[in-house]
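Single-structure report; data block below.
Counting starts at 1 for both ligands and their atoms, following the listed order. Keep in mind it's a predicted model, so treat the numbers as computed, not measured.
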Amino acid sequence: MRVLNNVLVTGGSGFIGTNFIRFLFNREQGVSGDGFQDKAPEAEFSGRVINLDSLSYAGNPANLSDIEAEYGGKRYFFIKGGIGDSGLLDSLFGDYGVDTVVHFAAESHVDRSILGPRVFIETNVLGTFNLLEAARKHWKDRSETRFHQISTDEVYGSLEESGAFTEDTAYAPRSPYSASKAAGDHLVYSYFHTYGLPVTLSNCSNNYGPFQFPEKFIPLMIQNILEGKALPVYGDGKNIRDWVHVYDHNRAVYLVLTCGKTGEKYNIGGENEWENRTLLDAIIKTVSQKAGREEASVRAAITYVKDRPGHDRRYAINCGKIKRELGWKRIMNFEAGLEQTVDWYLANQNWVKTIQSGEYLRWIENNYGSR
Ligand code: NAD
Ligand code: TYD
C-alpha cells in the first residue's frame with residue numbers, strides 16, 4: 001500500500017476536491033442510514049496537502065476554512081493559482097517535494113462548454129499537459145510517485161437502453177467538455193507509455209453531495225424549489241444518469257492512489273440509474289417534506305424546456321474492476337445520500353447565496369487578489 005506524503009490536489013476548492021480534502025482530514029458530515037460507517041482514513045493519512053486552485057466561479061476556499069484553521073501552514077497549504085502557470089507548478093513541485101498529484105482541476109459543466117468551449121481546452125487539455133510536464137521534470141529520479149487523473153464516464157459517449165461502460169469501452173466523447181476531458185486522459189496515458197510516468201486514471205459517473213455548485217442538476221433543483229423558481233427539465237426528461245455520492249467517489253480515489261496499479265484505469269459508479277424526470281420527483285418529495293412545501297405546487301413548477309444540443313441519452317458504469325481488484329464498494333445508499341444532501345443545502349443557504357453573489361467575488365479579490 002502506497003503512503004501519501006506531499007499531495008498536490010488541483011481544484012481542491014471545487015465540489016469534489018473540497019470533499020476529497022475533507023475526506024483526507026476526516027471531516028465528513030455525518031449521515032443517517034448505511035453511510036459513513038467505514039474506517040476513518042485519518043489514521044492512514046498523515047501527510048501534507050497542497051491545494052492549488054485558481055478560484056474560478058466554482059471554487060470557494062471557505063469550504064476548507066476549518067481545515068485551514070487547524071492545519072494551515074503545517075499540513076495544509078492553499079495556493080491560489082492556475083495549472084496554466086508552468087512556472088508556479090515548477091516551484092510547487094520543488095518547494096513541497098510533491099510525490100502525489102490528484103488532478104481534479106477542470107472546467108466541469110457541459111452547458112458552459114457548449115456556450116464557451118475555449119476555457120475547457122485551456123484548462124482540461126493544456127492545464128493537464130502542464131501538470132504532466134512538471135511531474136515528468138521533477139520525478140525523473142524519484143520512485144514512489146503517482147499522478148492520478150480524475151476523469152468522467154462522459155468520455156465514453158452515450159448509451160442506448162442497455163449495456164454499461166467498461167474500462168475497455170472506446171472513448172467517443174460528444175460534448176466540448178467530454179472531448180476536453182478525453183484529450184486530457186489520452187495525454188496522461190501517453191506519459192505512462194512514453195516516459196514511464198506512474199499514472200492512474202479513474203472515470204466516475206455523476207456525483208452528488210455537499211458543496212456542489214448549484215448549476216448541476218441536483219443542487220440546481222433543490223435551490224430552485226427553495227426559491228420558488230421554475231424547474232427546467234431538458235428535452236423529454238428521459239435521459240439517464242448514474243448517480244454516486246461524492247464520498248463514495250473519493251473513497252474510491254483514495255483506494256486507487258494507495259492500492260491501484262500504475263498504467264491502469266478504474267471505473268467508478270453508483271449502480272444507481274435514474275431518468276431525470278424520476279429523479280426530479282424524488283428531489284421534489286424530499287425537499288418539500290424537509291422544507292415544509294406543498295408537493296403539488298412544487299410539482300407545478302416543472303417546466304420542460306428545449307433540449308441541450310447533443311444531449312447524451314444514457315450513461316451507465318460497470319465498476320466490476322475496482323470492486324474485484326481493490327475491494328471497493330458503494331456504501332452510501334441513494335435515499336440517505338439525497339436526504340443528507342438536501343439537509344446540507346437547507347443548512348447552508350448562506351453558502352449558496354455567497355457563492356452566487358458579487359459579494360463573494362469581492363471577498364475573493366480582497367483575500368486572494370484579482371483574477
Ligand atoms: P468544480 O467545477 O466544482 O470544481 C473545479 C475546481 O477547479 C474549482 O475549484 C475551480 O476553481 C478549479 N479550477 C478551474 N480551472 C482551474 C485552473 N486552470 N487551475 C486551477 N484550478 C482550476 O468541478 P467538480 O465537479 O468538483 O469536478 C472535479 C473533477 O472531477 C473534474 O476534473 C471533473 O471533470 C471530474 N468529474 C466530475 C464529476 C461530477 O459529477 N461533478 C463526475 C466525474 C468526474
Ligand atoms: P448535469 O448535472 O449538468 O450533469 P451532466 O450533463 O454532466 O450529466 O445534468 C444532469 C442531467 O440533467 C443531464 O441529462 C442534463 C439534465 N439537466 C436538466 O434537465 N435540467 C437542468 O437544468 C440541468 C442543469 C441538467
Side chain, backbone, both or neither: the part of H109 lying under 4.0 Å from ligand 1 by heavy atom: neither

Tell me whether N60 has any N or O atom under 3.5 angstrom from an N or O of ligand 1. no

Are a donor atom and an acceptor atom from the side chains of K80 and S13 found within less than 3.5 Å of each other? no

Is there a polar contact between ligand 1 and S151, counting only N or O atoms under 3.5 Å apart? no

Using a 3.5 Å cut-off on N or O atoms only, is N239 in polar contact with ligand 2? no

Within a 6.0 Å radius of atom CD on E295, are there more than 12 heavy atoms belonging to other residues, nucleotides or ligands? yes

Ignoring angles and geometry beyond distance, decide whether P232 reaches within less than 3.5 Å of ligand 2 through its nitrogen or oxygen atoms. yes

To which of T152, I16, L131 does the heavy atom nearest atom 38 (C) of ligand 1 belong? I16

Quick one: does I218's side chain get under 4.5 Å of L338's, heavy atoms only? yes

Looking only at protein heavy atoms, identify the closest one to atom 23 (O) of ligand 1 and say how far it is in Å. S108 OG, 3.2 Å

List the steps and the verdict of salt bridge (Lys or Arg N to Asp or Glu O under 4.0 Å) for K261 and E325. CA-CA 10 Å; K261 210 168 144 226; E325 296 186 10; over 6 Å; no

Suppose I only count heavy atoms of H109 and a 4.0 Å limit; which atoms of ligand 2 are within that range? 3 (O)

We want to know whether D248 and W328 form a side-chain donor-acceptor pair, criterion being a heavy-atom distance below 3.5 angstrom. no

Contact check: Y315 vs ligand 2, nitrogen or oxygen atoms, below 3.5 angstrom: no

Taking both backbone and side-chain atoms of E154, is any N or O found less than 3.5 Å from an N or O belonging to ligand 2? yes

Side-chain donor-acceptor pair under 3.5 Å between D90 and H138, yes or no? yes

Look at atom 10 (C) of ligand 2 and say which protein heavy atom is nearest, naming residue and atom and giving the distance to 0.1 Å. F217 CB, 3.8 Å

Of C204, G184, A58, which has the heavy atom at the shortest distance from atom 43 (C) of ligand 1? C204

Going by heavy-atom distance to atom 17 (C) of ligand 1, choose the closest among G12, G209, G11, S54. S54

Which residue and atom name correspond to the protein heavy atom nearest atom 34 (O) of ligand 1, and how close is it? Y177 OH, 2.7 Å

Compute the shortest N/O to N/O distance between L52 and ligand 1 and return yes if it is under 3.5 Å, no if not. no

Measure the distance from atom 11 (O) of ligand 1 to every protein heavy atom, then report the residue, atom name and distance (to 0.1 Å) of the closest one. D53 OD1, 2.6 Å

Flag the pair E215 / D111 as yes when at least one side-chain heavy-atom distance between them is below 4.5 Å, and no otherwise. no

Close-contact set for ligand 2 against V110 heavy atoms, below 4.0 Å: 6 (O), 7 (O)

How about N51 and Y76: does a side-chain donor come under 3.5 Å of a side-chain acceptor? yes

If we ignore angles and hydrogens, is there a donor and acceptor under 3.5 Å between the side chains of T100 and H148? no

Identify all side-chain donor-acceptor contacts of residues 278-288 below 3.5 Å with residues at least two apart in sequence or on another chain.
{"from": "D281", "atom 1": "OD1", "to": "R299", "atom 2": "NH1", "distance (Å)": "2.6"}
{"from": "T286", "atom 1": "OG1", "to": "A282", "atom 2": "O", "distance (Å)": "2.8"}
{"from": "S288", "atom 1": "OG", "to": "I284", "atom 2": "O", "distance (Å)": "2.6"}

Taking atom 9 (O) of ligand 2 as the point of reference, which of R313, K216, R308 owns the nearest heavy atom? R308

Determine whether the side chains of R241 and Y208 contain a donor N or O and an acceptor N or O closer than 3.5 Å. no

Non-neighbouring partners of F77 that pass ring-ring contact (aromatic ring centres under 6.0 Å, His included), sequence neighbours left out: Y96

Distance from atom 30 (O) of ligand 1 to nearest protein heavy atom, with residue and atom: I150 CG2, 3.3 Å

Is the closest side-chain donor-acceptor distance between Y315 and N206 under 3.5 Å? no

From the list T262, V188, L201, V102, side chain to side chain contact (heavy atoms under 4.5 Å, CB included) with F147 holds only for V188

N/O to N/O below 3.5 Å, does that happen between G14 and ligand 1? yes

Please round to the nearest 0.5 Å and tell me the distance separating atom NE2 of H103 and atom CG of L52. 10.0 Å

Mind checking whether G17 has an N or O less than 3.5 Å away from an N or O of ligand 1? no

Under 4.0 Å between heavy atoms, the region of L220 that gets near ligand 2 turns out to be side chain

Using distance alone, decide if ligand 1 has a nitrogen or oxygen within less than 3.5 Å of any nitrogen or oxygen in G82. no

For ligand 2, which atoms have a heavy atom of H311 less than 4.0 angstrom away? 13 (C), 14 (O), 15 (C)

Applying a 4.0 Å heavy-atom criterion (strictly less than), which segment of T123 is in contact with ligand 1: side chain, backbone, both, or neither? side chain

For A316 against R314, the heavy-atom pair lying closest together: CB-NH2, 3.4 Å

V233 N/O under 3.5 Å from ligand 2 N/O: no

Between the side chains of K181 and D153, is the shortest nitrogen-to-carboxylate-oxygen separation below 4.0 Å, so that they form an ion pair? no

What residue among L159, N318, V155 forms side chain to side chain contact (heavy atoms under 4.5 Å, CB included) with F165? L159

Short side-chain donor-acceptor distance under 3.5 Å, D185 and Q149: yes

For atom 25 (O) of ligand 1, closest protein heavy-atom neighbour: F15 CD2, 3.6 Å

Of all protein heavy atoms, the one nearest atom 10 (C) of ligand 1 is S56 OG, 3.2 Å

Would T10 count as a contact of ligand 1 if the rule is a heavy atom under 4.0 Å away? no

Atom 5 (C) of ligand 1 sits nearest the protein heavy atom A106 O, 3.5 Å

Students should be able to answer this: which protein heavy-atom is nearest to atom 32 (O) of ligand 1, and at what distance? K181 NZ, 2.6 Å

Considering both backbone and side-chain atoms of Y57, is one of its nitrogen or oxygen atoms within less than 3.5 Å of a nitrogen or oxygen in ligand 1? no

Check whether any heavy atom of G84 sits under 4.0 Å from an atom of ligand 1. no

Is the shortest N/O to N/O distance between H103 and ligand 1 below 3.5 Å? no

Out of N206, V305, N276, indicate the one that has the non-hydrogen atom closest to atom 11 (C) of ligand 2. N276

Atom 24 (C) of ligand 2: which protein heavy atom is closest, and how many Å away? E215 O, 3.3 Å

Centre-to-centre under 6.0 Å for H109 and F213, is that the case here? no

In this structure, does ligand 1 have an atom that sits under 4.0 Å from one of the heavy atoms of F104? yes

